[in-house]
Amino acid sequence: MYPTRFNYESPKSIAEAIALLHQGGGEAKILAGGQSLVPMMRLRFAAPEMIVDINNIPGLDYLTVDADGTIHIGALCRHSDLEKSSLLMAHQPTMAAAAPVIADPIVRNRGTLVGSLCHADPQGDWSSVMMALGGIVVAQGPNGRRSIPAADFVKGPFQNMLAFDEIAIEAIVPAPKGIPNGGYLKLERRVGDFATAGVAVAVESSQGLIIRAGIGLTGVGGSTINATAAAQSLVGAPLTAGSIAHAADLAAQAAQPRSDHRGSASYKRQIVKTFVVRILSGVVESMERAA
Amino acid sequence: MSLDEIKIGGMGASRRRVEDNRFIRGKGNYVDDIVLPGMLHMEILRSPLAHARIKSIDTSKAWAIPGVRLVMTGEMMASRNLAWMPTLSYDTQAVLATDKVRFQGQEVACVIADDPYIAKDACEAIVVDYEPLPVVVNPVQAMAPGAPLIRDDKENQHDNVVFDWEVGDKDGTEKAFAQADVVSKLELHYPRSHPSPLETCGSIADFDRATSKLTVYMTTQAPHIIRAAVAMVAELPEHMIRIVSPDLGGGFGNKVPVYPGYVASILASILLERPVKWIEDKTGNLISTGFGRDVYLRGEMALRKDGKILGVRMHTDSDHGAFFSDAQPSKFKIGLMHSAFACYDIPAAHLTARGLYTNKAPGGVAYRCSFRVTEAMFFQERMVQAAADDLGMDQAEFRRLNFVRDEDFPHRTAFGFLTDSGQYAKCLDVGLEAIGYKDFLKQKEEAKKRGRLLGIGISTMTEPLGAGNSREYDILGIKMFDSAELRVHMSGKAILRTGAKSQGQGHETTWAQIVAHELGIPADDITVEEGDTDTAPFGMGTYASRSTPVAGAAVAMVSRKIRAKARKLAAHLLEVSEEDVEWELGRFYVRSSPDRGVTIQDCANAAYSNMPDGLEPGLENTAYYDPPNLTWPFACYIATVEVDPGTGVWDVLNVVAVDDCGVRINPMIVEGQIMGGLTEAYAMASMQFITFDAEGNCVGSNYMDYLLPTAWETPGFELHEVVTPCPHHPIGAKGIGECATVGGPAAFVNAVMDALKGTGVRNIDMPLLPDRVYEAFTTRRDISGMPPVKTED
């Protein structure tokens, strides 16, 4: 790998990292897992003047759950930490379904959820999952911290809402108000391939009724798609074959896929529909099992 | 008492690979591991466009970068008559472009600098002014009236046709079709793929002005051929050229041709009088070096209603890219395409073939196959399945009915090849039994009632492996023999060198086993060396599964020469006449008194310390082997799959492989070859292809876009064997390295097509990506044949 020349910095604190970003004036890039950044530098698609490696900042690799069920994911929490987490298995079925299908095992050992959100690749899995869950990104800059809803965090393909001197330091999944359920399905041509299409569904139910729903779509638009109408159609009612089929149709309509070497636009729409049905049918089964 | 052959690591021993000891310790010695004093680094600037005229090249900014030693362009190469070089298919190929670029990734300029970072930066500082030209990306466009002329550099080239060629019996075939009850037709495309060895191509050229000797360390499967080519292209004396091919990280055919990078690094070293290293990056390898396949086929089969095949007609349109640089040594324009249907008894066949230039990378190499045999066998087995379906016959029975029978060997195929041995029906039976054929058919019918789509696919084939014989195969006029040199030391230990070149096949392990088999010297006592033209005997290298059929035969023959001399030494030591000496593994003894004997090691010692009067000292010899025929292994691959009707995704349920490669030298290595080959077969059937957009941009220039299967998706394989020794090979062995890659893809595709049987879909072109499968069976139409394969929404 022969990238263009760059300066490498390895700050020991968040404040130091922010100062370096500020000093970099928009030409600096954060290195967390590096699983997207490094290949892009190898191809010289990315040519940052400064790399700010945050791996030596202590205390950013956490995955914690508050008493109320709020989940906190630190900037250095790796995909593999999430994959192996019994906390997720117990508390968050959509995330638990997504964690083992992120990229491949080697990428999962280094890559991070927060880094994946920041990378804002329309084919990134975590953005859809966090959108479906109503997640939040916490950013820290020279003027302190702010929270950005995951639904607003992505500005466009490979563009996020961070200012040039801000670091995304954690992702938050809010406490559920009902029983969380859902899943993540993606079609990939091979393990480690980007999604041809992916669907994240997160629902919360109470007394057999859906009280909250979110559906995020991967790889079927210029950026991650928040299928709000599809999700909204499920709220306030029990899940039935009819309501599932309706939501699936709405999700397929929300998709804005393009034909490419992964498949035609109509095919990708079809996959969205199939996956929404499959995930929600699984939810019905698990609700019936629980009941 | 005779030695236990398995214990000394002889034939049939699953001996552990001796080369792995260094590979798993990270102690392999690849080209990029070699560092020479004062070595410089070369980087290639490649064309971003598929077809464009070069108006100007400004290298001034590159020269200005500190650490840059040389910037080379086509103009500079031309001044030394090196802008163009001959290809292995008697065409010409640009080393560095002078007039036009003809494919994306074509070599335009080179920078030689103190380190690779500087060289890369300097390449980016070169300004090339291109005038874009219309682009041709497939044979349909190439043949269209008014198509842009790609090879305007060639005199008398007025269109994009590389060749028009035919073989077989045209009249006989026409008669067969006139008598047919049913004519079965199929049209399909075998897509372009890339061998993609993990190690890319590279070289270190080291020209020593003081001795006038040029040493080139390079990634080549055929070092002696390269030496001959360098002598020819660079006009250097052959004895002043040393080609060293160190450890290779895979080849699969990709490392047979001569690439512009090699030539440029050699010239740079001569000009700068310093070693120059060029290591291609992965993208460079994928977009510019020898691809495989890319053939469109129309096939027709004349059938009698009882199932007998009366005749076959095939037409191929092959896409050769911008330069016809197929790395194939046969006299035939489309390689061994006419080996198709060799396992079937067919009265008449005719093949017409047209080759076309396009604005794509050149170099149709034998990607783990014997020169287009992969396409031939895929077409064959797809056509066989379609024919069985058209007749409403069971696909296994249809094959059995048409196989060449065991008692009919030697058999002359409809296209003129001579097959010599095999037990085709037995292999099929073993396969059907292993997969549980009848049970699966029942299971499939039951699953269908519940909306599940199961399918079973069979692929049976014999293929010609082991180029060549010298009558029909040569490279640059050099006949396709091979060689082995064996030096048995005084202690009975030995060193063996051959003209082949292992790239992972395990020659260091298996050649020693052949010597152990012939001489009784334990395999562990034998060192094997290959790849250095200053020390190895002249040979044609390793590809087309030719190592065991040709070089392996030479190893047996040189061992026998050594044994013949050792017999004289034994007679001398035993004080009897040579006629009274008998041989058993590792030992000569007196016929009338079997207890009186000497070991091969005793004879080796005597060769240097106690030879009889009149006998030359030493125990060393060389053998050159010109095989009388190709070897014809047979294989039966059967796969079962389930197709998901909601997504078009198909999962492999089971795969059974029955291989008959004659006598197996090292069963473990044979099994490894078959598993690797089946993995590549699965890859081609399911995901692996190099495709291009309308502008000629290569979509597949990295491993995110060019998909190689990993352990995660590759199915398991169940292996079985049948052994029919090769009648003309000294140890009865046949080639095996490529069988599964060649025969495997049709098993997977046939299985998916079988699952879709009844939907009206006859063919889906590889790779059978889920979207293609889904589209085919929801729209009930084929996705096959000439482009456009699919239209954009």
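Order of the sequence lines fixes the chain letters, A, B, ..., with proteins taken first and strands second; residue numbering starts at 1 for each chain. Computed from heavy atoms alone, side chains included, the values below leave out hydrogens, waters and symmetry copies.
- Taking all atoms of both residues into account, the shortest heavy-atom contact from Tyr706(B) to Arg190(A) is O-NH1, 4.4 Å.
- At distances below 3.5 Å, not a single donor-acceptor pair connects side-chain atoms of Tyr2(A) with backbone N or O atoms of Asp121(B).
- For a residue to count as touching a neighbouring chain, one of its non-hydrogen atoms must lie under 4.5 Å from one of that chain's; by this rule Phe194(A) touches chain B with backbone and side chain alike.
- For Glu713(B) (side chain) and Val191(A) (main-chain N/O), a donor-acceptor pair under 3.5 Å exists by modelled atom type.
- Between chain B and the residues Arg258(A), Arg262(A), Arg44(A), the largest count of heavy-atom pairs under 4.5 Å involves Arg44(A).
- With a 4.5 angstrom heavy-atom cutoff, Pro3(A) touches chain B via backbone and side-chain atoms both.
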**Asked** Given Glu775(B) and Tyr267(A), is the side-chain hydrogen bond (donor to acceptor under 3.5 Å, both in side chains) satisfied, shown in steps?
**Response** CA-CA 7 Å; Glu775(B) 188 180 324; Tyr267(A) 174 69; over 6 Å; no

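- Annotation: Tyr8(A), atom OH; neighbour count of heavy atoms from other residues, nucleotides and ligands within 6.0 Å is above 12.
- At least one donor-acceptor pair under 3.5 Å links the side chain of Thr274(A) to the backbone N or O of Gly646(B).
- Taking OG1 of Thr647(B) as the reference point, atom CG of Leu185(A) lies at 10.0 Å (rounded to 0.5 Å).
- For residues 681-689 of chain B, a heavy-atom distance under 4.5 Å to chain A picks out Met687(B), given by residue number.
- Interface remark: Arg278(A) contributes side-chain atoms only to the contact with chain B (heavy atom separation under 4.5 Å).
- Heavy-atom distances place the side chain of Leu769(B), and not its backbone, under 4.5 Å from chain A.
- For Pro116(B), the parts sitting under 4.5 Å from any heavy atom of chain A are the backbone and the side chain alike.
- For residues 276-284 of chain B, heavy-atom neighbours of chain A at less than 4.5 Å comprise Asp281(B), Lys282(B), Thr283(B), sorted by residue number.
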**Request:** Please test Thr4(A) against Tyr117(B) for side-chain contact (heavy atoms from CB on, under 4.5 Å), starting from the C-alpha separation and ending with a verdict.
**Result:** CA-CA 8 Å; Thr4(A) 50; Tyr117(B) 296 90; over 6 Å; no

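- Other residues, nucleotides and ligands contribute at most 12 non-hydrogen atoms within 6.0 Å of the CE atom of Met89(A).
- At a 4.5 Å heavy-atom cutoff, Arg5(A) makes no contact with chain B through either its backbone or its side chain.
- Counted within 6.0 Å of NZ on Lys29(A), heavy atoms from surrounding residues, nucleotides or ligands total 12 or fewer; the atom is thus considered open.
- A salt bridge is absent between Asp771(B) and Arg189(A): the closest approach of a Lys/Arg side-chain nitrogen to an acidic carboxylate oxygen does not fall below 4.0 angstrom.
- Contact of the Asp104(A) side chain with the Thr710(B) side chain is not registered, since no non-hydrogen atoms from C-beta on lie closer than 4.5 Å.
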